[in-house]
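Counting from 1, the numbers follow the sequence of the chain as shown. On a predicted model such as this, the values are computed, not experimentally measured, just so you know. Whatever order the structure lists ligands and atoms in, that order sets their numbers, starting from 1.
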Amino acid sequence: MKAMLSTAVGGPETLQLTELPDPVPGKGELLLRVHAAGVNFPDTLMIRDLYQMKPPRPFAPGGEIAGEVLAVGEGVSGYAPGDRVLALTGHGGFATHLTIKAGTAVKIPDAMPYEDAACFVFTYGTSHHALKDRAALQPGETLLILGAAGGVGAAAIELGKAAGARVIAAVSSQEKADFCRQIGADETLVYPRELDRDAQKALSAEIKKLAGGDGVDVVYDAVGGAYAEPALRAMAWKGRYLVVGFPAGIPSIPLNLTLLKGCQILGVFWGASVFREPQGHAANMADLFRLYGEGRIKPRISARFPLEQAAEALEMMQDRKVLGKVVITMG
Ligand SMILES: NC(=O)c1ccc[n+]([C@@H]2O[C@H](COP(=O)([O-])OP(=O)(O)OC[C@H]3O[C@@H](n4cnc5c(N)ncnc54)[C@H](OP(=O)(O)O)[C@@H]3O)[C@@H](O)[C@H]2O)c1
């Protein structure tokens with residue numbers, strides 16, 4: 001088998017394509033031939049030891065994969081060679097073969113391509129949990145998404161529309177704004193790649209103008225940094241602010257704003273919710289497969305890279321260039 005291994009702390013340039021012996025499934029495990037691995041922002045952090053999960057080296061990044069069962073370990077029932085599955089792996093996905101705990105595999109519909117399956121659970125799972133379980137987004141409400149053209153952001157656009165919300169997509173370029181409009185955003189705004197105090201004020205004013213009325217009911221913040229406060233300042237009475245991610249840095253927020261708006265700031269930790277609330281996760285997955293089957297959500301894959309070029313995929317993500325999803329294909 002081949003794997004793209006992180007052998008030293010650092011950026012994508014530190015990854016090394018390595019030949020390894022084929023793994024053998026242990027008790028309770030499945031051996032998979034990986035067909036596709038979705039690329040997610042945490043992959044860029046994990047290789048730098050900046051993520052909460054720090055696997056021992058050498059390890060392959062890649063937290064989400066889809067593939068075919070090659071062999072079944074002792075004590076596993078319900079799976080057979082040839083089954084098509086997706087799985088959240090944490091890491092290890094940038095590889096041609098992988099063993100996983102059988103309980104983490106989810107069989108995928110025949111009509112779902114491996115590439116879609118590898119770009120499905122992480123982004124849609126996060127955004128569905130955020131909008132439904134945390135914000136209780138209602139039809140007719142206004143939803144602002146920061147970083148709307150990225151993985152979780154684009155998923156939030158589709159899910160926000162499916163929930164009947166009016167979606168404002170906020171992004172850093174006109175190309176990204178056009179992409180968001182294409183996938184369903186009602187309104188778009190382009191913010192600068194760096195924000196000073198004046199630009200923060202201008203951003204808040206623009207959000208309020210687009211939202212109309214009292215402001216935005218729900219903010220989905222996948223960006224953080226200097227973008228957070230202007231979005232909070234543009235919120236409506238009793239709004240809900242979803243803390244999803246911090247690619248632009250961890251913001252500090254003046255708490256008096258929550259008092260003035262009567263609003264809530266809600267943490268979103270989807271990975272923990274999957275373990276803490278397995279029944280809720282199962283129900284959410286059923287919702288997502290139904291929406292996919294109905295054609296109402298579909299991973300927007302804008303770039304594909306072979307395993308040998310996995311570093312380029314991670315560079316694209318850290319350079320803020322991704323539209324929707326990037327996928328590694330194993331050929
Ligand atoms: N809370 C949870 O449970 C959960 C689950 C999954 C992911 N996340 C987090 O959500 C965030 C987004 O993940 P993703 O996989 O959707 O990533 P992504 O596709 O790279 O999207 C992130 C977006 O952040 C914006 N951004 C702002 N500053 C950036 C910077 N310095 N570098 C890179 N991007 C920057 C970019 O949009 P613009 O250029 O338009 O600003 C980019 O599209 C990450 O922080 C991730 O860890 C959280």
Test side-chain contact (heavy atoms from CB on, under 4.5 Å) applied to Leu242 and Val218, Val219, Ile265, Asp221, the passing residue: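 In the set Val218, Val219, Ile265, Asp221, the residue that makes a side-chain contact (heavy atoms from CB on, under 4.5 Å) with Leu242 is Val218.
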
Taking NZ, NE, NH1 and NH2 as the nitrogens, is one of them in Asp49 or Arg57 under 4.0 Å from a carboxylate oxygen of the other?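 Yes.
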
Take Asp217 and Leu143, measure what side-chain contact (heavy atoms from CB on, under 4.5 Å) needs, and give me the verdict at the end. CA-CA 6 Å; Asp217 298 302; Leu143 167 66; over 6 Å; no

Name the residues in contact with ligand 1, where contact means a heavy atom under 4.0 Å away: which are they?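 For ligand 1, the contacting residues are Asn40, Phe41, Pro42, Phe122, Thr126, Gly147, Gly150, Gly151, Val152, Val171, Ser172, Lys176, Tyr191, Ala222, Val223, Val244, Gly245, Phe246, Pro247, Ala248, Val268, Phe269, Trp270, Met317, Gln318, Arg320.
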
Checking the side chain of Glu158 only, and the main-chain atoms of Ile297 only, is there a donor and an acceptor separated by less than 3.5 Å? no

Whether Tyr114 and His35 hold their rings parallel, tilted or perpendicular, with breakpoints at 30° and 60°: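 If you compare the ring of Tyr114 with that of His35, the planes turn out parallel.
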
Can Lys298 be said to sit on top of Phe120's aromatic six-ring, NZ or CZ under 6.0 Å from centre and within 45° of the ring axis? no

